[in-house]
Trainee: 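Got a structure for you, written out below as structure tokens; questions coming shortly.
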Amino acid sequence: MIFLLVWSVLLFQGTLLVALICFCVAPAPKYITATLLEFLITSLLLLLYMLKLNKRLTFFFWPLVDVFNSTFAAVYFIILSLLAVTTYTVTGTLVGGIAGFLTAGLLCVDSFTLFKNITFNKPRSEAQNEDKQ
């Protein structure tokens, strides 16, 4: 499961970086800012998990924060990509919009799998036993 999570985050960050580079090549400041902001938010969440700071900061339910980030970012990127594809003047904006659609699709899959794996009312051991059956 962890292997799948790492690859999905890397794939998502890769498509987000491609969209950011495409928007930087085609000078479109509104698309650059929005893409860079989501790239930084996701990088900070990834760094938080890698350094295991989520174990120290226990006042948040971190899996749910990750689900909300993925869900809102998916909606945000669908709207941003629609705007980029419909109003493009340079090829970089079009390619960035298409990469944004790929990013939004990966975010939808990510939020679905995260939400499916969250256990709200069960102890961790019960939830793991149900997954094995």
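Position 1 is the first residue of the sequence, and the numbers go up from there.
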Trainee: With a cut-off of 6.0 Å (strictly less than), are more than 12 heavy atoms of other residues, nucleotides or ligands near CZ of F39?
Mentor: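 Above 12, so yes.
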Trainee: Just verifying a value: how many Å separate F61 CZ and F68 CZ, rounded to the nearest 0.5 Å?
Mentor: 10.5 Å
Trainee: Would you kindly confirm whether V90 and L80 end up in one hydrophobic cluster when ILVMFWY residues are joined by side chain heavy atoms under 4.5 Å apart?
Mentor: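 Result: no, two separate clusters.
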Trainee: Do you know which two heavy atoms are closest between D110 and S70, and how far apart they sit?
Mentor: OD2-OG, 2.8 Å
Trainee: Rounded to the nearest 0.5 Å, how far does CD1 of I21 lie from CD1 of I32?
Mentor: 11.5 Å
Trainee: Any chance you could measure T42, atom OG1, to N69, atom CG, to the nearest 0.5 Å?
Mentor: 5.0 Å
Trainee: What pairs of donor and acceptor atoms, side-chain ones from residues 94-101 against any protein atom, are under 3.5 angstrom apart with sequence neighbours left out?
Mentor:
none

Trainee: Rounded to the nearest 0.5 Å, how far does CG of L106 lie from CD of Q13?
Mentor: 11.0 Å
Trainee: Anything under 3.5 Å between a donor and an acceptor, one on a side chain of residues 44-53, the other on a protein residue two or more places apart or in another chain? List them.
Mentor:
from	atom 1	to	atom 2	distance (Å)
Y49	OH	W62	O	3.1

Trainee: If you take all heavy atoms of L83 and T86, which pair is closest and at what distance?
Mentor: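 Result for this residue pair: O-OG1, 3.4 Å.
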Trainee: Once you round to the nearest 0.5 Å, how far does CG of D66 lie from OG1 of T71?
Mentor: 9.5 Å
Trainee: F112: what forms a side-chain contact (heavy atoms from CB on, under 4.5 Å) with it, not counting sequence neighbours?
Mentor: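 Applying side-chain contact (heavy atoms from CB on, under 4.5 Å) to F112 gives K116.
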Trainee: Are I79 and L20 linked, directly or through other ILVMFWY residues, by side chains that come within less than 4.5 angstrom of each other?
Mentor: yes
Trainee: Do the side chains of F77 and L16 get nearer than 4.5 Å, heavy atoms only?
Mentor: yes
Trainee: Using the side-chain hydrogen bond (donor to acceptor under 3.5 Å, both in side chains) criterion, which residues pair with T91? Sequence neighbours excluded.
Mentor: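 With neighbours one apart ignored, the set is empty.
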Trainee: Can you list everything that forms a side-chain hydrogen bond (donor to acceptor under 3.5 Å, both in side chains) with S111? Sequence neighbours excluded, please.
Mentor: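 For S111, no residue satisfies side-chain hydrogen bond (donor to acceptor under 3.5 Å, both in side chains) once neighbours in sequence are set aside.
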Trainee: Among the clusters formed by ILVMFWY side chains lying less than 4.5 Å apart, do Y88 and L82 turn up in the same one?
Mentor: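 Yes: a chain of side-chain contacts under 4.5 Å links Y88 to L82.
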Trainee: Does F12 offer a backbone N or O that forms a donor-acceptor pair with the side chain of T15 under 3.5 Å?
Mentor: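 Checked: pair present.
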Trainee: Could you list the residues that satisfy side-chain hydrogen bond (donor to acceptor under 3.5 Å, both in side chains) with T35, not counting sequence neighbours?
Mentor: none
Trainee: Supply the atom-to-atom distance L64 CG to F115 CZ, rounded to the nearest 0.5 angstrom.
Mentor: 7.5 Å
